[in-house]
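Before any comments, here is the structure.
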Amino acid sequence: MPYGRNDLPRFFFHIDDHIHEIDDEGQEFADAAAARVQAIIYAGELLRDDPGLVWDGQRLEVRVTDEAGMPVIAVQITAVDAEPEA
Amino acid sequence: MIELESSLMLLARKLSKHVVLDPDDRTALLDLPYMRRTLDPSTYLLREGDSPQYCSILMSGFAYRQKLTGDGARQIVSLHIPGEALDLQSLYLDTADHNIQTLTRAEVALVPREAMRELIRARPSIAQAVMIEILVEGSIGREWALNIGRRNAQTRLAHLLCEVAMRLDAQGLPTDGGYELPMTQEQLGDALGLTAVHVNRTLKTLEAKGLIVRDRRHIGIPRWTGLRDVGDFTGRYLHLGRQTG
């Protein structure tokens, strides 16, 4: 796709892990389906940068909302450790 | 035609940073035939599979090289600033293996491929400078592979911002504690192998740390050493300065 498309819907990508980060700027995507895919890849990028985000029972959540503030997708990632051996 | 002269002067200046060019070398370089073109943003200068006819030299504006995967995902593989020749490898390779596009409105000088090759055959110092330029491009490509393959997003972005600053500065273009980076967040993402969403967040993080100041596309760098450290950046791979060879 060429760069520089105009008048596309805007989506907001919030992060919830041990901190809450509200995205008040947002980014344009062709449609909600494109924003969903980006949210999943974005969550993967955050994990790659910092695998510790899901250690010790912590959860990473990337939550996307549309211009009306309605939810579009929530990507939730947790890691489950094996039970320690008795 | 003074502007045209000063434009090939940019290339002469760049090449003479690598090796000593004597007055005859400079004259021969400035006497190269060329056509001048003003191009809109996103204009293709070369497409993968093409047979290059010209060696294009960027006189003003920014350009980039990109490659596409089979299903159309784009990777920007290099950025180019004024004074740089855009496809020196095409002097000797018959088929383009990547695409070259303008990033901004740009002026280019198109030097016929054969004229450039003839100059290189005739002038050993220019040949050496062109060889060094091609080697430095390869070195920058290796650094980009390391950057994209093994550094986290913050370091990756800081590294790119440092590289552009140092290259502009070395080319004698005004940086003044910052520069205009004419890239969208999507394009930065394509250069860094990141989603535009992550680029956006990472820019905000660097700004919150006081390492950059953003004003539209202008990137201010208030603390060079801070950005350099976060970006794991040294300029060694740029091989600035004269190579004694």
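If you're wondering where the values come from, they're calculated on a predicted model, not measured in any experiment.
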Quiz item: Within the side chain of A/Asp49, is there an N or O that forms a donor-acceptor pair under 3.5 Å with the backbone of B/Ala153?
Solution: yes
Exercise. Nearest 0.5 Å please: distance from the CG atom of A/Asp50 over to the CG atom of B/Asn152.
Key: 9.0 Å
List, one per line, each side-chain donor-acceptor pair under 3.5 Å for residues 217-231 of chain B, sequence neighbours excluded.
unit_1   : atom_1 : unit_2   : atom_2 : d
B/Arg223 : NH2    : B/Lys209 : O      : 3.4

Practice problem: Output yes when a side-chain donor or acceptor of A/Gln38 lies under 3.5 Å from a complementary backbone atom of B/Val197, and no otherwise. | Solution: no
Self-check item: Listed partners of B/Asn147 passing side-chain hydrogen bond (donor to acceptor under 3.5 Å, both in side chains), at least two apart
Solution: B/Arg151
Quiz item: When you look at CG of A/Asp31, are more than 12 heavy atoms from neighbouring residues, nucleotides or ligands closer to it than 6.0 Å?
Solution: yes
Quiz item: Going from CD on A/Glu21 to OG1 on B/Thr205, what distance comes out if it is rounded to the nearest 0.5 angstrom?
Solution: 6.5 Å
Exercise. Under 4.5 Å heavy-atom distance to chain B, tell me which part of A/Glu45 shows up: side chain, backbone, both or neither.
Key: both
Self-check item: Interatomic distance, B/Lys204 atom NZ to A/Glu25 atom CD [nearest 0.5 angstrom]
Solution: 4.5 Å
Practice problem: Check whether A/Leu46 gets within reach of chain B through its side chain, its backbone, both or neither, counting any heavy atom under 4.5 Å. | Solution: both
Exercise. Could you look at A/Tyr42 and say if it's the side chain, the backbone, both or neither that has a heavy atom under 4.5 Å from chain B?
Key: both
Practice problem: Please say whether more than 12 non-hydrogen atoms of neighbouring residues, nucleotides or ligands are located less than 6.0 Å from OH in B/Tyr54. | Solution: no
